[in-house]
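Not measured: the values here are computed from a predicted model.
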Amino acid sequence: MTQRTALIVRGGWDQHHPVAATERFVPFLEKSGFTLRIEDSPEIYADEVQMGGVDLVVQCVTMSQASGEAVAGLQRAIAAGTGFVGWHGGIADSFRASADYLQLVGGQFAAHPSVLGSPEGEYAHPTYRVEMTDAGREHPITAGLDDFELTTEQYWVLSDDLNDVLATTTIPTDETRPWHRPITVPAVWTRGWGAGRIVVATPGHEPSVLDDTNVRTIIERGMLWAARTK
């Protein structure tokens, strides 16, 4: 098996458990033939020499900040063929102040509405459905997976048409909500950026969600699919 390098970048908001979450995938990556490097700051992205040898970036950094040089370095690396994979806020709610990062990833967390009828000011995790698209039923990341349910944070994301959406989720409404109809948003998508591949899965609020068979399968397959192949 050809040895490749995976860079895990983790940090940001502690409530997304960046260390515990990423550690879940270390054995899989090692078994899949990757040499691992772990960093606690996105500023590694600004090091062009270091990034030139990275075949896959796994990011779990919610909110936080990255310098313009770091974001530009990440863009360059992906455009040159480095894969970029993450879940939940670790990729879809990172570096909110960087428009360049938002363009790169193609989706931004906007809200996580709670269970319908929850008292105002209180949050309860909804049970929601992740539904495969026609493209998702054929894609190597999600082929063979059925629609599934999770009880956890459901992400309302803002996205664009460059994404190839593999799965969606629908956020309901009722008379207590200010939006007037159910909203269907991407839950899993891929995105091409130059020679690189990006994979985003919005489930993953806490490590137990990553233990769900469907979620774990999507992320692990996503890592193998996104990683540089030549």
Side-chain angles (χ1 to χ4, degrees), residues 1-14 16-109 141 162-163 189-201 204 207 210 218-230:
M1 183 178 295
T2 302
Q3 196 77 23
R4 291 183 287 176
T5 299
L7 170 66
I8 295 174
V9 179
R10 62 194 187 189
W13 192 51
D14 287 342
H16 280 162
H17 311 283
V19 173
T22 53
E23 286 294 323
R24 275 168 162 69
F25 297 98
V26 166
F28 172 79
L29 288 166
E30 291 177 335
K31 184 178 178 180
S32 299
F34 289 92
T35 297
L36 299 186
R37 176 172 181 172
I38 298 175
E39 295 284 336
D40 61 5
S41 167
E43 295 309 306
I44 183 65
Y45 298 152
D47 189 327
E48 193 167 356
V49 173
Q50 295 292 336
M51 293 301 294
V54 173
D55 300 295
L56 173 68
V57 174
V58 178
Q59 180 181 284
C60 185
V61 184
T62 303
M63 297 181 280
S64 193
Q65 296 180 349
S67 68
E69 292 79 9
V71 173
L74 179 62
Q75 288 178 315
R76 284 194 304 270
I78 296 173
T82 299
F84 188 49
V85 177
W87 53 87
H88 204 61
I91 191 170
D93 192 22
S94 310
F95 322 136
R96 292 177 179 178
S98 174
D100 289 336
Y101 178 80
L102 301 183
Q103 181 196 27
L104 178 68
V105 172
Q108 171 62 37
F109 161 79
I141 294 175
L162 186 58
N163 294 335
W189 69 86
T190 67
R191 188 173 179 90
W193 193 263
R197 294 172 167 180
I198 298 167
V199 180
V200 180
L210 299 171
I218 288 167
I219 294 170
E220 290 180 345
R221 288 183 182 177
M223 291 174 178
L224 298 182
W225 180 84
R228 190 197 316 267
T229 57
K230 60 181 179 178

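- Counting heavy atoms from C-beta outward, Leu162 and Trp189 have side chains that stay 4.5 Å or more apart.
- Between Val57 and Tyr45, the closest heavy-atom pair is CG1-OH, 3.5 Å.
- A side-chain donor-acceptor contact under 3.5 Å links Glu43 to the backbone of Ser67.
- The structure places CD1 of Ile78 at 8.5 Å from CH2 of Trp193, a figure rounded to the nearest 0.5 Å.
- Between the Arg76 side chain and the Gly52 main chain, no donor and acceptor come within less than 3.5 Å of each other.
- A donor-acceptor contact shorter than 3.5 Å is absent between the side chain of Arg197 and the backbone of Thr190.
- Contact of the Leu224 side chain with the Ser32 side chain is registered, since non-hydrogen atoms from C-beta on lie closer than 4.5 Å.
- Residues Gly222 and Val199 share a closest heavy-atom pair of O-CG2, 3.9 Å.
- Taking both residues in full, the closest heavy atoms of Ala195 and Ala80 are given as CB-C, 4.0 Å, listed atom of the first, atom of the second, then distance.
- When all heavy atoms of Gln108 and Leu102 are compared, the pair lying nearest together is OE1-CD2, 2.9 Å.
- Under the side-chain hydrogen bond (donor to acceptor under 3.5 Å, both in side chains) test applied with Thr62, the options His16, Arg96, His17, Arg10 reduce to a single match, His16.
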Go through Arg4 and Leu56 one step at a time and tell me if the side-chain contact (heavy atoms from CB on, under 4.5 Å) criterion holds.
CA-CA 8 Å; Arg4 291 183 287 176; Leu56 173 68; over 6 Å; no
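- The 12-atom threshold is exceeded at CD of Glu220, counting heavy atoms of other residues, nucleotides or ligands nearer than 6.0 Å.
- The side-chain heavy atoms of Ile219 and Phe28, taken from C-beta on, include no pair separated by under 4.5 Å.
- Below 30°, between 30° and 60°, or above 60°: for Phe25 and Trp87 the angle between ring planes is between 30° and 60°, a tilted geometry.
- A side chain to side chain donor-acceptor pair (under 3.5 Å) check over residues 97-107, counting only residues at least two apart or in different chains, returns the pairs Gln59-Tyr101.
- Within a 6.0 Å sphere centred on CD of Glu23, other residues, nucleotides and ligands contribute more than 12 heavy atoms.
- A donor-acceptor pair is defined here as one N or O able to donate and one able to accept, closer than 3.5 Å; such a pair exists between the side chain of Arg228 and the backbone of Val54.
- At least one side-chain heavy atom of Val61 sits less than 4.5 Å from a side-chain heavy atom of Phe95.
- At a threshold of 4.5 Å between non-hydrogen side-chain atoms, the residues Met51 and Leu7 count as touching.
- Here the closest non-hydrogen pair linking Ala201 and Ile218 is CB-CG2, 4.3 Å.
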Run the side-chain contact (heavy atoms from CB on, under 4.5 Å) test on Leu104 and Val71 for me, step by step, so that the C-alpha distance in whole Å, both residues' side-chain angles and the decisive distance to 0.1 Å come before the verdict.
CA-CA 9 Å; Leu104 178 68; Val71 173; 5.6 Å; no
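- Residues forming a side-chain hydrogen bond (donor to acceptor under 3.5 Å, both in side chains) with Arg191 (at least two apart in sequence, or on another chain): Asp160, Asn163.
- Pairing each heavy atom of Ile44 with each of Arg37, the nearest pair is CD1-NH2, 3.6 Å.
- Between Phe84 and Thr82 there is no side-chain heavy-atom pair separated by less than 4.5 Å.
- At least one side-chain heavy atom of Leu29 sits under 4.5 Å from a side-chain heavy atom of Ile8.
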